[in-house]
Amino acid sequence: MIRTRFAPSPTGELHIGGARTALFNFLLARSAGEQGRFVLRIDDTDAERSRREFELKLMEDLRWLGLDWDEGPDGPGGVPCRQSERLGLYAEWMSRLREAGAVYPCFCSDERLGALRREQAARGEPPRYDGCCRALSSGEAERRIASGERPCWRFALGGEPIVFEDAVRGHQVFPSGTIGDFVLERSDGTPTYLFASAVDDLAMEITHVVRGDEHVPNTARQLAILDRLGCPRPVFAHIPMILSADRQKLSKRTGSTSIREYRERGFLPEGLVAYLATLSWSPGDAVSPFSLESLAGAFSLDRISRSSPLHDESHLLHWQREAMHRRGTARIRQEIAERDPRFGVLEDRMDILIGDLLDEHPLTGELERALAFLVERPAGERTEWMPSLASALGELEPWTEEELNGLLRAFMRERGMRGREFFHPLRLLLTGRERGAALPLVLLALGREEAVSRLEG
RNA sequence: GGCCCCAUCGACUAGCGGCCUAGGUCGUAGCCCUCUCAAGGCUAAAACACGGGUUCGAAUCCCGUUGGGGCUACCA
């Protein structure tokens, strides 16, 4: 049995990095077939920044990408999957830790903690909590609590190094002393992410934790908790973070990275998935990156690379083009008609042009603009030869691409015009654009009546 | 500063001691086609960061240097 989870905190929109983490977790679970489960958990222990609105968007975006979960906050699993709804569970495990003497109350002020860090940095030591309050007698601790002080609770780290095998990074060692006693329960009684997440992975019987490698140091801490409790460890797989073109952590400042934004710009979910699947992992030549099933069939953790890929929109665009071609013109036409009902009446006449315009305008919105001339007549200048072209077109039989092509060329030659001299003003009048699909196709799509009418004025 | 990680064409990657004169894809350049922009066809430029080892043999293993990244919170 393989159980994976994607556990975002609902403090913002789903971005490229989060989506890839979700994808890898999804693929790992699906690669196990019937034996795999993919869980969506909402890590909202940060009450300040968590918002229900983001949670809803997150789920919508995940579904849009095709990453369906087997258990999640909206229900199929039946268990609460929001950390804010599982507070009782954390309290339960906390009292176990208290009984075991694995945690202690800490009364240190922010000021003392800040000063401590500064001193340690100045001395070239790793910054960590010095265990000051560990020495407090239980009597004194009780007295201070009784007098109204609100301590946080820290985990009392043992002296042994923490060692684990990461499924992508290999053997990991954290010597004791490199990390200090960390907070499990805040002074307001709420659990920290570190604690809630460890408890949840345990309670949800998560077998594999695939997450960004910024969590590596957290893993050591979470393992310390699990070990102290004598609980089984999940397998950890830390995947490299996706960096922006300037090799920095992806942020809003480095351009669009939110899935929602890409969606609104007209990117297709299959294209996005194919792109994400090639970042730090590659499905191999024989596998179609456009199908989640085939990706799942090829997926394995040991093929994940350890170096950070750079987010590159030109690659995304390439997968987008491919995805659009795979959708086919009929389906794209329907989508455009949904966005703008005026296109609805055109039906298959749009197909004539879509194939020709797709590569240059791989995004639905752009494509829509490139086709706009079909539904709104552009203002353009008429040359003196256009009315006679109109009457020639009026008599053309049959109205086909080949005949149109022949007529245009013959007309151009008769008048002694060069290609550009003839086609350019014609294109401008009919489409309002400098560039676009081949003109016989433009005429074919417009239809005889409309084409003649535009030329006559 | 401390701890950890990473390092193949501009980018995504294949490569897991001999199959490497390093393969593919995107991008770039040129040519063909052409009314335009693309697409398509053909071609080209383009990488094992550097220095030491180990080995008959290293892009692949080890060490160092350099460069990049992550973490260093009562955020996640």
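Side chains are part of it too, since the values below use all heavy atoms of this structure and drop only hydrogens, waters and symmetry mates.
- Within the nucleic acid shown, Pro309(A) comes within 4.0 Å of sugar-phosphate atoms alone, with no base atom in reach, counting heavy atoms only.
- Between the side chains of His171(A) and Asp166(A), no donor N or O sits under 3.5 Å from an acceptor N or O.
- For His15(A) and Tyr262(A), the ring centers sit 6.0 Å or farther from each other.
- Neither side chain, Thr364(A) nor Arg265(A), offers a donor N or O lying under 3.5 Å from an acceptor on the other.
- Between Trp319(A) and Arg128(A), it is Trp319(A) whose nearest contact on RNA chain B lies nearer the 5' terminus.
- Applying the 3.5 Å distance criterion, the base of A73(B) shares no donor-acceptor pair with the side chain of Asp110(A).
- With both ends at atom P, the span from U25(B) to C6(B) equals 29 Å, rounded to whole Å.
- Annotation: G67(B) and A58(B) have their C1' atoms spaced 22 Å apart (nearest Å).
- The listed nucleotides are G70(B), A76(B), A14(B); the one nearest the side chain of Met241(A) is G70(B).
- Under the Watson-Crick or G-U wobble criterion, with both distances below 3.5 Å, A58(B) is left unpaired in every strand shown.
- One C1' atom belongs to U13(B), the other to G27(B), and the distance between them is 14 Å to the nearest Å.
- Backbone-only engagement by Val183(A) is indicated by non-hydrogen atom pairs under 4.0 Å involving sugar-phosphate atoms exclusively.
- Between the CG atom of Leu404(A) and the P atom of C35(B) there is a distance of 16 Å, given to the nearest Å.
- Close to C71(B), at under 4.0 Å from its OP1 or OP2, lies no side-chain N or O of Arg211(A).
- Asp201(A) has its side chain out of reach of Leu226(A): every pair of non-hydrogen atoms, C-beta onward, lies at least 4.5 Å apart.
- No engagement by Gly355(A) is indicated, since no non-hydrogen atom pair under 4.0 Å with the nucleic acid exists.
- Proximity of residues 40-52 of chain A to RNA chain B (heavy atom under 4.0 angstrom from any strand atom) is restricted to Asp43(A), Thr45(A), Asp46(A), Arg49(A).
- Residue Leu116(A) contributes atom CG, which lies 20 Å from atom P of G1(B) at whole-angstrom precision.
- Of the candidates C75(B), U13(B), C26(B), C75(B) carries the atom nearest the Arg186(A) side chain, counting heavy atoms from C-beta on.
- In summary, the aromatic rings of Phe26(A) and Trp69(A) are positioned with their centroids too far apart to meet the 6.0 Å limit.
- Looking at heavy-atom distances under 4.0 Å, Arg117(A) makes contact with sugar-phosphate atoms alone, never a base.
- If you check C3(B), A76(B), C4(B) against the side chain of Glu214(A), the one that comes closest is A76(B).
- Summarising the geometry, the separation between CG on Leu353(A) and P on A39(B) is reported as 18 Å, rounded to the nearest angstrom.
- Using a 4.0 Å heavy-atom distance criterion, Arg221(A) is classed as making no nucleic acid contact.
- Residue Pro127(A) places its side chain closer to U72(B) than to any other of G70(B), U72(B), G69(B).
- Between Arg306(A) and C6(B) there is a side-chain N or O to OP1 or OP2 distance below 4.0 Å.
- C42(B) is paired with G30(B) under the criterion used here, namely a Watson-Crick or G-U wobble arrangement in which both key atom distances are under 3.5 Å.
- Of the candidate nucleotides U36(B), C5(B), C12(B), C5(B) has the atom lying nearest to any side-chain atom of Arg169(A).
- For the pair Gln172(A) and C4(B), the criterion of a side-chain N or O lying under 4.0 Å from OP1 or OP2 is not met.
- Look at Arg154(A) and you'll find a side-chain N or O under 4.0 angstrom from OP1 or OP2 of C74(B).
- When distances run from any side-chain atom of Ala438(A) to the nucleotides A76(B), U36(B), C4(B), the shortest one goes to U36(B).
- Residue Asp188(A) is out of contact with every strand shown, counting any heavy-atom pair closer than 4.0 Å.
- Leu426(A) places its CG atom 13 Å from the P atom of C35(B), with the value rounded to the nearest Å.
- Set against C37(B), G70(B), C12(B), the side chain of Glu360(A) has C37(B) as its closest nucleotide.
- Remark: Arg303(A) is in phosphate contact with G15(B), judged by side-chain N or O atoms under 4.0 Å from OP1 or OP2.
- Among the protein residues, Arg427(A) comes within range of the nucleic acid bases, having at least one heavy atom under 4.0 Å from a base atom.
- If you check A76(B), U13(B), G70(B) against the side chain of Lys249(A), the one that comes closest is G70(B).
- Among the heavy atoms of the strands lying under 4.0 Å from Leu439(A) is at least one base atom, whether or not backbone atoms are also near.
- Distance noted for atom C1' between C50(B) and C31(B): 39 Å (whole Å).
- Here A76(B) presents its C1' atom at 12 Å from CZ of Phe6(A), a figure rounded to the nearest Å.
- Aromatic pair Phe24(A)/Phe299(A): ring centres closer than 6.0 Å.
- Here, G40(B) and U8(B) have their P atoms 28 Å apart, quoted to the whole Å.
- Side-chain contact check for His238(A) and Thr219(A): at least one donor-acceptor pair (N or O, by modelled atom type) lies under 3.5 Å.
- Residues Thr190(A) and Arg186(A) bring a donor and an acceptor atom of their side chains to less than 3.5 Å of each other.
- In this structure, Met412(A) reaches neither bases nor backbone, as no heavy-atom distance under 4.0 Å exists between it and the strands shown.
- Across all strands shown, C50(B) forms a Watson-Crick or G-U wobble pair with G64(B), both key distances being under 3.5 Å.
- One cannot find a donor-acceptor pair under 3.5 Å joining the base of C26(B) and the side-chain atoms of Ser314(A).
- Toward the 5' end of RNA chain B, the nearer of the two residues Gln120(A) and His318(A), judged by each one's closest nucleotide, is Gln120(A).
- Base engagement by Pro440(A) is indicated by at least one non-hydrogen atom pair under 4.0 Å involving a base atom.
- Atoms CZ (Phe182(A)) and P (C3(B)) sit 20 Å apart, rounded to a whole Å.
- Between Phe290(A) and His325(A), the distance separating the two ring centers is not shorter than 6.0 angstrom.
- As rounded to whole Å, 13 Å separates atom C1' of U36(B) from atom CZ of Phe373(A).
- Separating the P atom of A14(B) from that of G57(B) is a span of 28 Å, rounded to the nearest Å.
- Rounded to whole Å, atom P of A14(B) lies 11 Å from atom CG of Leu279(A).
- As the counterpart of U36(B), no nucleotide is assigned, since no Watson-Crick or G-U wobble pattern has both distances under 3.5 Å.
- For the pair Arg154(A) and Tyr129(A), the cation-pi test (distance below 6.0 Å, angle within 45°) is passed.
- Using a 4.0 Å heavy-atom cutoff across all strands shown, Ala122(A) reaches no nucleic acid atom at all.
- If you check C3(B) for Watson-Crick or wobble pairing at under 3.5 angstrom, you find it paired to G70(B).
- If you check every strand for non-hydrogen atoms under 4.0 Å, His215(A) touches a base.
- Looking at Trp153(A), Phe195(A), Tyr90(A) one by one, the single match for side-chain contact (heavy atoms from CB on, under 4.5 Å) with Glu185(A) turns out to be Trp153(A).
- Looking only at atom types and distance, the side chain of Asp43(A) has no donor-acceptor partner in the side chain of Ser9(A) under 3.5 Å away.
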